[in-house]
Amino acid sequence: MQFEFQIEDIERKIEELKKFAEEKEIDLSDEINKLKDQRDISLKMLYDDLTDYQRVSVSRHQARPYTLDYIKYITTDFVELHGDRLFRDDPAIVGGLCKIDGIKFMIIGHQKGRTVEEKVYRNFGMANPEGYRKALRLYEMAERFNIPILTFIDTPGAYPGLEAEKHGQGEAIARNLMEMSGIKTPIISVVIGEGGSGGALGLGVADKVFMLENSVYSVISPEGCAAILYKDPSKVEEAANNLKLSSHSLLKLGLIDGIIDESLGGAHRDPECTALNLKRVVLETLEELKSMSTEELLEKRYSKFRGMGVFYK
């Protein structure tokens, strides 16, 4: 990324030293370790002081782990469930039954792609109405069998295409918001990358909402905000910083319940470490939610979202 040029230079030197040591069969481990320490210090200083706009770049990083990556790292016995039982299966949202440390979960999340073919197949993580109806079907199944729900949010927004609108995009998301508020089993949501607009909220009405450290969550993308509010695409950085879309900004505003630490330099540098942090938070949170009665769980969930956006004259 643009702001990582200094880090890139150090990493290039590390690779050159490794290659030189291997070719000449000499021990340069002390020099390599010094450079690694320098890189780690620089990474920490850099990532501790990122602007909201820079965090947008990190949240969109090509190597950032997606829903299926976290499923691979933290779950066992995952069985994917397909289709909305009305029209078709939407690959932009994946979901199914799994176990996390032996505890059954219904896991649902947006899925982006890395290769061109995958991106097209997953529609860049932008779900159609069928995706949200599939998610709703899985919510209801989890409720029926009293299985906790874990959702991963990572989308620039719901797909705004003509066909999606014809199939009831707005209604599908609105129904998810309504139904999730009354699902009688614990729901935990984690923003793992981009959390864009109503497309994110369709998986985001939960008892506890967390964000990975470098993820973003906003009513609109910085590009969309700059185009609509400022009528000037060049003001995208100003728009991002004014939207308060970073995890730290949203925690201060009380819109999320906590921040999950990423590996040093972002989740893309060590996905497995980030996944372990996420897993720990999810299991600790589930223990807290399981101690509540169903009535208390629903009341707290309702009050949580009704209390957002309150203003005083």
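Only heavy atoms go into these numbers, but all of them, side chains included; no hydrogens, no water, no symmetry mates.
The only member of Asn277, Ile103, Ile260, Leu150 that meets side chain to side chain contact (heavy atoms under 4.5 Å, CB included) when paired with Val282 is Leu150. Applying ring-ring contact (aromatic ring centres under 6.0 Å, His included) to Tyr70 and the options Phe152, Phe105, Phe78 leaves one that passes, Phe152.
When side chains are defined from C-beta on, Pro65 does not count as touching Glu262, because their heavy atoms never get closer than 4.5 Å. Between Pro148 and Leu289 there is no side-chain heavy-atom pair separated by less than 4.5 Å. A heavy-atom distance below 4.5 Å is not found between the side chains of Val205 and Ile187. The shortest distance between side-chain heavy atoms of Gln62 and Arg114 falls below 4.5 Å.
Residue Tyr66 places its OH atom among more than 12 non-hydrogen atoms of other residues, nucleotides or ligands, all under 6.0 Å distant. With a 6.0 Å radius and a threshold of 12 heavy atoms from other residues, nucleotides or ligands, Glu284 has its CD atom above the threshold.
Tyr159 and Asp90 are not linked by any side-chain donor-acceptor pair at a separation below 3.5 angstrom, with hydrogens and angles left out of the test.
Remark: Asp207 CG to Thr285 OG1 distance equals 10.0 Å, nearest 0.5 Å. Remark: Arg144 CZ to Ile183 CD1 distance equals 10.0 Å, nearest 0.5 Å. Annotation: the span from Glu15 atom CD to Lys19 atom NZ amounts to 10.0 Å, rounded to 0.5 Å.
Taking the six-membered ring where the residue is Trp, Tyr47 and His268 present tilted rings, their angle falling between 30° and 60°.
Under the 4.5 Å side-chain heavy-atom criterion for grouping Ile, Leu, Val, Met, Phe, Trp and Tyr, Tyr73 is connected to Val190 within one hydrophobic cluster.
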Item to complete: Dump the intermediate steps for salt bridge (charged side-chain N to carboxylate O under 4.0 Å, His left out) on Lys13 and Asp9, then the final yes or no.
Response: CA-CA 6 Å; Lys13 289 177 182 176; Asp9 186 50; 3.7 Å; yes
